[in-house]
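Numbering starts at 1 and runs along the sequence shown. Since we're looking at a predicted model, the values are computed, not measured.
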Amino acid sequence: MKDFASAARDGLTRAQLEDVLRAVGAARYHNLHPLHHQMVSGALTRTQLQAWALNRYCYQAVIPRKDAMILARAEDPAFRAEWRKRIEDHDGDDGWSGGIARWLKLATGLGLDAEMVKSERLALPATRFAVGAYLSFCTNRSLLEAVASSLTELFSPVIIGERVPAMLAKYDYVTEDILAYFKPRPTQASRDSDFALAYVLEHATTPEKQQAVIDALVFKCDILWAMLDALDYAYGGKGHVPPGAFNPEEG
């Protein structure tokens, strides 16, 4: 994969910075991961899809929490008004009518118990570490870096466009109702990424800040990639499921 560690060394125009950020996604987004390719080819078992849904729930559940940390650090009320839409998208009006609830419906539609999924206790240790690292990053790094880390949403319509039709075609037990989480996401992701990209391009005004936002997006891509690596290691051909993690063979 391409190294972006010194991409902004000499300073970039806004257009050049956008090109680099998009190049990060083209080189490192997890639609390139072998596990994604197996999913869209129909090669995964029901157990592997269950493990994916269970572990991805941990990531979905942390999104409004990391967005709340970003909100708490933003002084501009116009920024906050825009950013809080992300929390509303995932939590809904009552905490259980948004994207998290729809992801839970996906997991239960694949045969998992809702309370087990919500507890996250059978998720892979690597998943929990990755999700925790993402929350910590958005809590402790600069607001600009936290916003930049969300720019993976620039690329999510691509992976959704590959994943949804393939899952409906390749897995006869997967229905449009099970995949309802994905229906609003391309529109939401485009809205959110347009705002975040404009913010980053406006505020990344020095080579140091430009490199920081590039590194933030690389970091986020690494988080998503590492989660699929862990799933592949545990539930792929080698089957190295760690103690205490989801394992249907052990009941």
Side-chain angles (χ1 to χ4, degrees), residues 1-2 4 21-63 99-100 102-107 109-112 117 123-131 133-134 149-176 178-190 192-193 217-241 245-246:
M1 291 186 179
K2 185 176 179 180
F4 295 92
L21 293 169
R22 293 186 182 278
V24 170
R28 304 180 74 113
Y29 193 57
H30 65 295
N31 66 317
L32 301 175
H33 196 284
L35 189 66
H36 171 69
H37 293 167
Q38 292 173 39
M39 180 185 292
V40 299
S41 72
L44 297 187
T45 65
R46 186 189 291 260
T47 294
Q48 288 173 311
L49 286 177
Q50 288 176 331
W52 165 71
L54 167 65
N55 282 270
R56 179 77 183 198
Y57 177 86
C58 299
Y59 173 80
Q60 300 301 142
V62 87
I63 289 174
I100 295 176
R102 288 193 298 274
W103 193 271
L104 188 63
K105 186 175 183 179
L106 186 158
L110 292 174
L112 297 175
V117 175
L124 294 170
T127 297
R128 294 197 296 270
F129 294 155
V131 168
Y134 182 36
S149 72
S150 76
L151 287 175
T152 47
E153 288 189 309
L154 285 168
F155 322 115
S156 65
V158 173
I159 200 170
I160 292 171
E162 295 170 353
R163 180 178 288 159
V164 171
M167 291 184 72
L168 291 172
K170 302 292 185 178
Y171 304 96
D172 57 11
Y173 50 87
V174 175
T175 66
E176 290 187 7
I178 288 174
L179 298 183
Y181 167 83
F182 295 107
K183 188 173 182 179
R185 283 306 301 155
T187 299
Q188 292 170 349
S190 294
D192 293 344
S193 61
L217 183 54
V218 168
F219 167 81
K220 177 64 179 305
C221 287
D222 287 348
I223 288 289
L224 296 171
W225 193 278
M227 290 172 61
L228 291 190
D229 274 349
L231 281 168
D232 195 25
Y233 187 75
Y235 302 103
K238 294 183 179 180
H240 293 303
V241 180
F246 172 70

Quiz item: Taking only residues two or more places apart in sequence or in another chain, which ones pass side chain to side chain contact (heavy atoms under 4.5 Å, CB included) with Q50?
Solution: R46, T47, L110, L112, F246
Quiz item: Y57 and I100: side chain to side chain contact (heavy atoms under 4.5 Å, CB included), yes or no, with the steps?
Solution: CA-CA 8 Å; Y57 177 86; I100 295 176; 3.7 Å; yes
Quiz prompt | Nearest-0.5 Å distance that lies between atom CE in M167 and atom OG1 in T175 | solution = 10.0 Å
Quiz prompt | Validation row: P184, R102 side chains within 4.5 angstrom (heavy atoms) | solution = yes
Quiz item: Minimum heavy-atom separation for A27 to L32, with atom names?
Solution: O-CD1, 3.3 Å
Exercise. Not counting sequence neighbours, which residues clear ring pair (Phe, Tyr, Trp, His ring centres under 6.0 Å) with H33? List them please.
Key: W225
Quiz item: Between W52, Y235, Y171, which is the residue that forms a side chain to side chain contact (heavy atoms under 4.5 Å, CB included) with L44?
Solution: Y171
Self-check item: Any L54 side-chain heavy atom under 4.5 Å of L124 side chain
Solution: no
Exercise. Would you indicate whether the side-chain heavy atoms of V218 and D222 approach each other to under 4.5 Å?
Key: yes
Quiz prompt | R56 side chain near L106 side chain, heavy-atom distance below 4.5 Å | solution = no
Ignoring hydrogens and angles, write down the donor-acceptor pairs under 3.5 Å from the side chains of residues 151-164, residues two or more places apart or on other chains.
residue	atom	partner	partner atom	Å
T152	OG1	K220	NZ	2.9
E153	OE1	R86	NH1	3.0
E153	OE2	R185	NH2	2.8
S156	OG	E153	O	3.3
E162	OE1	H36	NE2	2.8

Quiz item: Between CG of L231 and CG of L35, what distance do you get to the nearest 0.5 Å?
Solution: 6.0 Å
Self-check item: Side-chain heavy-atom pair V24, C221 within 4.5 angstrom cut-off
Solution: yes
Quiz prompt | Non-hydrogen side-chain atoms of Y173 and I178 separated by less than 4.5 Å | solution = no
Quiz item: Got a donor-acceptor contact below 3.5 angstrom from the S41 side chain to the Q38 backbone?
Solution: yes
Practice problem: Kindly check if the number of other-residue, nucleotide or ligand heavy atoms within 6.0 Å of CD (E176) is above 12? | Solution: no
Quiz item: In Å and rounded to the nearest 0.5 Å, what is the CG to CE distance from D229 to M227?
Solution: 11.5 Å
Quiz prompt | Set of residues satisfying salt bridge (Lys or Arg N to Asp or Glu O under 4.0 Å) with respect to K183, sequence neighbours excluded | solution = none
Practice problem: Kindly write out the residues that satisfy side-chain hydrogen bond (donor to acceptor under 3.5 Å, both in side chains) with S149, not counting sequence neighbours, or none if the list is empty. | Solution: none
Quiz prompt | Steps toward ring-ring contact (aromatic ring centres under 6.0 Å, His included) verdict (F182, W103) | solution = CA-CA 9 Å; F182 295 107; W103 193 271; 5.7 Å; yes
Self-check item: Spacing of OG1 belonging to T127 relative to CD1 belonging to I223, to within rounding of 0.5 Å
Solution: 10.5 Å
Quiz prompt | Sequence-distant partners of F219, ring pair (Phe, Tyr, Trp, His ring centres under 6.0 Å), two or more places apart | solution = F137
